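Only a predicted model underlies this, so the values are computations on that prediction, with no experimental measurement involved. Each chain gets a letter, A, B and so on, in the order the sequences are listed, and its residues count up from 1. Keep in mind that the numbers below use all heavy atoms, side chains included, and drop hydrogens, waters and symmetry copies.
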Amino acid sequence: DTAVSQTPKYLVTQMGNDKSIKCEQNLGHDTMYWYKQDSKKFLKIMFSYNNKELIINETVPNRFSPKSPDKAHLNLHINSLELGDSAVYFCASSLTRTSTDTQYFGPGTRLTVL
Amino acid sequence: QKEVEQNSGPLSVPEGAIASLNCTYSDRVSQSFFWYRQYSGKSPELIMSIYSNGDKEDGRFTAQLNKASQYVSLLIRDSQPSDSATYLCAVISLSSASKIIFGSGTRLSIRP
């Protein structure tokens with residue numbers, strides 16, 4: 001299936017731990033994104049990469065570090081997890097960074113920090 | 001003022017009626033407008049995009065854009081129970097470096 005996939009789907013961890021979420025797209029897209037959706041369903045962009053280069057870096061704590069080994073993958077590493085990091089994290093991709101390109105979302109990773 | 005504002009709902013509409021979802025945005029140089037549907041526990045899915053003033057129709061969905069009033073809406077005709085979801089309005093503007101800004105969503109419930 002052509003899609004955006006994320007692993008894991010659920011992640012439960014203790015405060016202070018370090019965790020990673022992986023994202024892969026096989027759509028041949030150039031641009032990938034990470035979004036955070038909080039408990040109020042507010043979806044906010046965190047990062048965007050175009051052909052492995054960082055193009056959007058929102059005001060996100062530097063405990064969050066994205067890594068793009070190639071244009072099909074965009075992983076998110078989070079250091080020293082805090083309670084407020086609990087949310088659903090969505091990866092997305094689009095053909096190019098052009099604003100009219102549709103963004104396709106992955107299934108999400110529900111992160112719970114205890 | 002939030003950049004993209006939506007009434008959180010829930011908006012309850014009887015089956016078969018027209019559901020009308022509204023969104024306002026603050027940035028006058030916004031250029032691209034989207035409606036995403038998100039079922040509970042699922043990821044957002046694009047259902048409509050609109051870039052110029054006026055109406056755009058796709059099946060039972062019509063998006064309406066009025067840039068002068070900074071207003072975009074989504075009409076769903078012949079509402080079905082399967083339309084029950086949260087609808088997210090999203091906007092891209094030149095001044096936001098082409099990043100997409102989402103509203104907080106309107107929860108729509110279609111009652112049989």
_Around atom NZ of B:K56, are there more than 12 heavy atoms from other residues, nucleotides or ligands closer than 6.0 Å?_
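For B:K56, atom NZ is crowded (more than 12 foreign heavy atoms under 6.0 Å).
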
*Does atom NZ of A:K71 have more than 12 heavy-atom neighbours, drawn from other residues, nucleotides or ligands, at distances under 6.0 Å?*
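Yes.
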
With distance as the sole test, does [X] use its side chain to make a donor-acceptor pair with the main-chain N or O of [Y] at under 3.5 Å?
| X | Y | value |
| --- | --- | --- |
| B:Q80 | B:D78 | yes |
| A:W34 | A:L74 | yes |
| A:R63 | A:N79 | yes |
| A:Q6 | A:Y89 | yes |

*Which bit of B:S32 comes within less than 4.5 Å of chain A, counting heavy atoms only: side chain, backbone, both or neither?*
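The answer is the side chain of B:S32.
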
*At a heavy-atom separation under 4.5 Å, does B:Q38 approach chain A through its side chain, its backbone, both, or neither?*
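Contact with chain A involves the side chain of B:Q38 alone.
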
*chain B-proximal positions within residues 104-114 of chain A [heavy-atom distance under 4.5 Å]*: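 Answer by number: A:F105, A:G106, A:P107.
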
_With a 6.0 Å cut-off on the ring centroids, do B:Y25 and B:F33 count as close?_
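Yes, ring centres under 6.0 Å apart.
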
*Structural part of A:K41 lying under 4.5 Å from a heavy atom of chain B*: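 Backbone plus side chain of A:K41, per the 4.5 Å heavy-atom cut-off to chain B.
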
_Side chain / backbone / both / neither for A:E58 at chain B, heavy atoms under 4.5 Å_ =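 Contact with chain B: side chain only.
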
*Find the distance between CD1 (A:I45) and NZ (A:K36) and round it off to the nearest 0.5 Å.*
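These two atoms lie 14.5 Å from each other.
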
